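Owing to the predicted nature of the structure, the values given are computational and were not obtained by experimental measurement.
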Amino acid sequence: MKKIFAMVTVFSLVLGAASAVQAQEVKIGGVNFQQALNEVEQGKRAKASLKAEFDAKQKKLALQQDALKKLQEEAQKQGSVLSKDAMAAKQKEFYDKLTELQKNMETYRGELVSKEAKMTNQILQNLKTITAEVGQKEGYTMIVETSQDAVLYAKTKDDLTSRLIGMYNQRFTGPIKME
């Protein structure tokens with residue numbers, strides 16, 4: 001709601017300023033950052049890298065789960081012949097490995113979420129820089145982000161998304177630099 005109010009206020013100010021000057025043209029462009037995030041080459045490489053890392057970690061977790069399952073089956077088979085102490089040791093081993101598995105799952109999830117957020121933020125920052133440069137160079141009064149449903153209607157003939165994706169891919173060719 002605040003975003004819509006802010007956007008209406010900004011539009012009003014821009015339109016008010018534009019009518020005061022009357023001779024100046026109001027030029028509004030639109031950019032879909034979500035589309036750009038998915039289509040810039042760095043974004044595609046970042047997603048592929050995260051997926052490869054996810055798959056590798058998933059394999060490690062699957063190995064740990066298999067080891068746990070095997071340990072549980074052994075304990076069930078040997079349950080009638082093991083002493084109380086030996087059975088208690090098997091149960092402790094099982095719970096220790098289960099705890100380690102749960103800890104690894106949480107750690108891996110946190111690492112992936114953090115990396116994805118850092119990569120996304122860096123790409124968005126780069127897109128904002130390019131958008132500002134295009135706006136300034138080409139005389140736009142305003143460039144609005146169109147993928148968040150904050151702009152319900154805007155009469156723009158200039159969707160700059162494809163141009164920004166092309167400019168981004170020319171400028172940012174290497175791996176994402178995360179600060």
Side-chain angles (χ1 to χ4, degrees), residues 1-7 30-132 144-152 159-179:
M1 189 66 172
K2 287 181 179 178
K3 272 186 164 179
I4 293 172
F5 180 74
M7 293 297 290
V31 169
N32 184 328
F33 273 5
Q34 191 60 48
Q35 178 187 349
L37 266 173
N38 291 326
E39 294 183 17
V40 296
E41 291 302 319
Q42 277 190 332
K44 291 177 185 175
R45 286 194 303 267
K47 278 186 179 181
S49 170
L50 286 172
K51 182 173 179 349
E53 191 173 333
F54 173 81
D55 290 344
K57 290 181 179 190
Q58 193 67 26
K59 280 184 181 177
K60 287 180 183 177
L61 293 174
L63 290 174
Q64 284 184 293
Q65 287 175 327
D66 289 345
L68 265 177
K69 193 181 263 183
K70 191 174 180 180
L71 191 62
Q72 187 178 28
E73 289 170 1
E74 282 176 19
Q76 287 175 344
K77 283 181 186 174
Q78 300 171 347
S80 59
V81 293
L82 289 177
S83 68
K84 261 187 168 180
D85 290 342
M87 189 61 166
K90 283 261 185 208
Q91 287 177 338
K92 182 180 181 330
E93 182 182 0
F94 177 82
Y95 287 113
D96 287 348
K97 288 188 176 191
L98 178 62
T99 301
E100 183 182 337
L101 172 65
Q102 291 170 335
K103 184 179 168 187
N104 287 342
M105 289 171 77
E106 188 61 31
T107 299
Y108 294 164
R109 188 193 68 74
E111 289 172 358
L112 290 172
V113 167
S114 176
K115 277 186 180 178
E116 182 181 21
K118 285 179 182 174
M119 290 177 173
T120 299
N121 286 336
Q122 185 58 54
I123 291 171
L124 284 174
Q125 191 60 42
N126 294 341
L127 285 169
K128 288 177 184 175
T129 299
I130 292 172
T131 302
V144 295
E145 202 288 317
T146 59
S147 66
Q148 298 295 319
D149 291 335
V151 179
L152 300 177
D159 182 351
L160 305 171
T161 307
S162 296
R163 286 184 50 214
L164 289 180
I165 291 169
M167 292 173 73
Y168 188 103
N169 288 336
Q170 285 178 347
R171 186 178 301 177
F172 300 102
T173 57
I176 296 173
K177 293 179 183 171
M178 294 186 291
E179 297 166 11

So, [X] side chain and [Y] main chain: donor-acceptor pair closer than 3.5 Å or not?
X	Y	result
Thr129	Gln125	yes
Glu145	Ser147	yes
Thr146	Gly30	no

### Message
Could you walk me through whether Gln35 and Asn38 satisfy the side chain to side chain contact (heavy atoms under 4.5 Å, CB included) test, starting with their C-alpha distance in whole Å, then the side-chain angles of each, then the deciding distance to 0.1 Å, before giving a yes or no?
### Response
CA-CA 5 Å; Gln35 178 187 349; Asn38 291 326; 5.9 Å; no
### Query
Going by the side-chain hydrogen bond (donor to acceptor under 3.5 Å, both in side chains) test, which pairs reach into residues 78-99, not counting sequence neighbours?
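Residue pairs with at least one partner in residues 78-99: Glu74-Lys90, Lys92-Asp96.
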### Message
I want to check something: taking the side chain as every heavy atom from C-beta on, are Thr131 and Leu160 in contact at a cut-off of under 4.5 Å?
### Response
no
### Task
Would you check if Glu39 and Asn169 make a side-chain contact, meaning some heavy-atom pair closer than 4.5 Å?
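They are not in contact (no side-chain heavy atoms under 4.5 Å apart), so the answer is no.
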Residues in salt bridge (Lys or Arg N to Asp or Glu O under 4.0 Å) contact with [X], at least two apart in sequence or another chain:
X	answer
Lys44	Glu41
Glu116	none
Arg45	none
Glu73	none

Taking atom [atom1] of [X] and atom [atom2] of [Y], what is their separation to the nearest 0.5 Å?
X	Y	atom1	atom2	result
Asn104	Gln65	CG	CD	11.0 Å
Gln76	Leu71	CD	CG	10.5 Å
Leu98	Gln72	CG	CD	9.5 Å
Lys128	Phe33	NZ	CZ	6.5 Å
Gln64	Leu101	CD	CG	5.0 Å
Ser162	Met167	OG	CE	13.0 Å

### Task
Could you walk me through whether Leu127 and Tyr168 pass the side chain to side chain contact (heavy atoms under 4.5 Å, CB included) test, one step at a time?
CA-CA 7 Å; Leu127 285 169; Tyr168 188 103; 3.7 Å; yes
### Electrostatic pair Asp55-Lys51, nearest N-O below 4.0 angstrom
yes
### Message
Under a 4.0 Å threshold between the charged nitrogen and the carboxylate oxygen, would Lys57 count as salt-bridged to Glu53?
### Response
yes
State, to 0.1 Å, how close [X] and [Y] come at their nearest heavy-atom pair, and which atoms those are.
X	Y	answer
Tyr108	Lys60	OH-CD, 3.6 Å
Leu164	Val31	CD1-CG2, 3.2 Å
Ile176	Ala46	CD1-CB, 3.7 Å

#### Entry: Over 12 foreign heavy atoms within 6.0 Å of CE, Met105
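Not more than 12 within 6.0 Å, no.
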### Message
Tell me every residue that passes side-chain contact (heavy atoms from CB on, under 4.5 Å) with Phe54, counting only those two or more places apart in sequence or in another chain.
### Response
Gln58, Leu112
### Query
Is there a donor in the side chain of Asn126 and an acceptor in the side chain of Gln122, or the other way round, less than 3.5 Å apart?
yes
